[in-house]
**Student:** 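Right, I'll just put the structure down here and ask away after.
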Amino acid sequence: MQILDGKSLSARIESEVPQQTKALKTQSGRVPGLAVILVGHDPASAAYVGMKKKACDRVGFYSVTHEMPEDISQSAIEKTIEMMNDNPNIDGILIQLPLPKQIDTTRLLELVAPHKDVDGFHPYNVGRLSTGLEGFVPCTPLGVMRLLEAYDIDVKGKNCCVVGASNIVGKPMAALLLNAGATVEICHIFTDDLKKHTCSADMIFVGTGVINLIRDDMVKEGCVVVDIGINRAEDGRLVGDVDYPAVSPKCSYITPVPGGVGPMTIAMLLANTLKAAQNNANESK
Ligand code: GUN
């Protein structure tokens, strides 16, 4: 069994960003800029946004976080997005999800200018991904693909079981795998007999938020297991969706939690923001 070490790969990817940032600045006078919208006081969201901001600081990006109260109105957020769409110092816009109940999330995601959509959540970019065209790809599944590539794991022709069908993780993960030539099954909360599906998979990609959803009797010998879950266990530890101690001995490769997919997500946000800045610099030439 080999560990897919997202921590060291993300550090390697991140270490190349400052040099590219400097090159962009020399060529165009521009520094990549990321704007984040954080609504309310969800501790997990605040922690993620804090990590994203710190990563921007480490690599020399400009970043600004718009913190808004839980009871903010739809129109106030929309005004902020419109302002950021028009701000030439902002290359990427990220709305941290989930948002409070009174907010129409889809409307906000559709308002983000597609060329600043570094999360890849705008229907324009979702459509481009599903048709196999170049565009912004959501950071978490993009990070998974980069992790597999780094370990020379080819998904072509493999039976891939994606567990969880969210717009943020499961659906774009399935699209990327399909585009790369995998045979893809997507399981979700209404799937009957999950084990039947996971047992026939060469690779499992699970992101559901359910601790120990994937147990050792659900995984075939030699499987590649990518754990995209992040959960807080009763004792306070961070754990994924996979029963790691029981499952890992059966795997050819497995991602740990923490230190697997999580840091790759942040590295891909930096990569997407740099790409947006490079595109925007070329556009304004
Ligand atoms: N909430 C959970 N994951 C994500 C993510 O990747 N991006 C955003 N914007 N919100 C999230």
Side-chain angles (χ1 to χ4, degrees), residues 6 10 13 33-56 61 63-68 70 72 77-78 80-81 84-85 90-101 103-114 116-126 129 135-147 162 164-176 205-210 226-232 238 240-241 255 257-258 260-273 275-276:
S10 64
I13 293 168
L34 176 71
V36 178
I37 294 180
L38 173 64
V39 182
H41 302 289
D42 176 48
S45 287
Y48 292 138
V49 167
M51 286 191 276
K52 290 168 184 177
K53 170 147 185 44
K54 273 193 197 145
C56 285
F61 289 2
S63 78
V64 57
T65 306
H66 293 267
E67 286 184 43
M68 298 178 171
E70 185 79 25
I72 188 98
I77 310 181
E78 287 179 6
T80 306
I81 294 172
M84 292 185 292
N85 280 342
I90 296 300
D91 297 292
I93 301 170
L94 185 153
I95 306 167
Q96 187 64 32
L97 304 179
L99 293 168
K101 282 192 195 72
I103 301 299
D104 182 344
T105 300
T106 306
R107 228 180 110 124
L108 295 184
L109 295 177
E110 287 188 317
L111 197 60
V112 173
K116 296 192 177 188
D117 176 34
V118 288
D119 248 338
F121 293 164
H122 189 290
Y124 174 84
N125 285 309
V126 176
L129 173 61
F136 285 110
V137 175
C139 302
T140 299
L142 182 61
V144 170
M145 296 306 282
R146 287 288 290 272
L147 193 52
V162 177
S166 70
N167 291 333
I168 295 179
V169 175
K171 287 185 206 165
M173 186 77 252
L176 284 168
F205 303 80
V206 56
T208 63
V210 179
V226 177
D227 191 346
I228 315 173
I230 303 182
N231 311 293
R232 192 66 72 178
L238 272 186
D241 294 353
T255 57
V257 177
V261 175
M264 291 302 297
T265 298
I266 306 269
M268 292 303 102
L269 176 63
L270 297 177
N272 279 352
T273 304
K275 171 171 138 175

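Counting starts at 1 for both ligands and their atoms, following the listed order. Residue numbers start at 1 and run along the sequence shown.
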**Student:** Is there a side-chain contact between Ile13 and Leu270 in this structure, where contact means two heavy atoms from C-beta onward sitting under 4.5 Å apart?
**Tutor:**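 Ile13 vs Leu270: side chains apart.
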**Student:** For the residue pair Lys275 and Gly135, what are the closest heavy atoms and their distance?
**Tutor:**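 So the two residues come closest at NZ-O, 2.8 Å.
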**Student:** Check whether any heavy atom of Phe121 sits under 4.0 Å from an atom of ligand 1.
**Tutor:**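 The answer is yes: ligand 1 sits under 4.0 Å from a heavy atom of Phe121.
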**Student:** Looking only at distance, does Thr140 have an N or O less than 3.5 Å from an N or O of ligand 1?
**Tutor:**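 Thr140 vs ligand 1: no N/O contact under 3.5 Å.
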**Student:** Starting from atom 11 (C) of ligand 1, find the nearest protein heavy-atom neighbour and note its residue, name and distance.
**Tutor:**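 Heavy-atom neighbour on the protein nearest atom 11 (C) of ligand 1: Gln96 NE2, 3.3 Å.
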**Student:** Is there a side-chain contact between Met268 and Arg146, using heavy atoms and a 4.5 Å cut-off?
**Tutor:**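 A side-chain contact under 4.5 Å exists here.
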**Student:** Any idea which protein heavy atom is nearest atom 9 (N) of ligand 1, and the distance to it?
**Tutor:**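 Answer, as residue, atom name and distance: Asp119 OD2, 2.5 Å.
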**Student:** What's the shortest distance from atom 1 (N) of ligand 1 to any protein heavy atom, and which residue and atom give it?
**Tutor:**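 Sorting protein heavy atoms by distance from atom 1 (N) of ligand 1 puts Leu97 O, 2.9 Å first.
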**Student:** Could you tell me whether the side chain of Lys52 reaches within less than 4.5 Å of the side chain of Ile266, counting heavy atoms only?
**Tutor:**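 Of all side-chain heavy-atom pairs linking Lys52 with Ile266, at least one is under 4.5 Å.
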**Student:** Which protein non-hydrogen atom lies closest to atom 3 (N) of ligand 1, naming both residue and atom, and how far is it?
**Tutor:**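 Protein heavy atom with the smallest distance to atom 3 (N) of ligand 1: Ile168 CG2, 4.0 Å.
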**Student:** Looking at residues at least two apart in the chain, or sitting in another chain, which of them share a side chain to side chain donor-acceptor pair (under 3.5 Å) with Thr140?
**Tutor:**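 With neighbours one apart ignored, the set is Thr265.
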**Student:** Please indicate whether any nitrogen or oxygen in Ile95 is less than 3.5 Å from any nitrogen or oxygen in ligand 1.
**Tutor:**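 Looking only at distances, the answer is yes, because the N/O contact criterion of under 3.5 Å is met.
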**Student:** Could you tell me whether Pro98 and ligand 1 have an N or O pair separated by under 3.5 Å?
**Tutor:**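 Pro98 vs ligand 1: no N/O contact under 3.5 Å.
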**Student:** Report the residue from Ile77, Ile95, Asn167, Leu99 that forms a side-chain contact (heavy atoms from CB on, under 4.5 Å) with Thr105.
**Tutor:**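 That would be Leu99.
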**Student:** Keeping Asp119 on the side-chain end and Pro138 on the backbone end, is there a donor-acceptor pair under 3.5 Å?
**Tutor:**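 No, Asp119 side chain to Pro138 backbone: no donor-acceptor pair under 3.5 Å.
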**Student:** Run the numbers for me: atoms of ligand 1, each under 4.0 Å from some heavy atom of Leu94, listed by number.
**Tutor:**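 In order of number, 9 (N).
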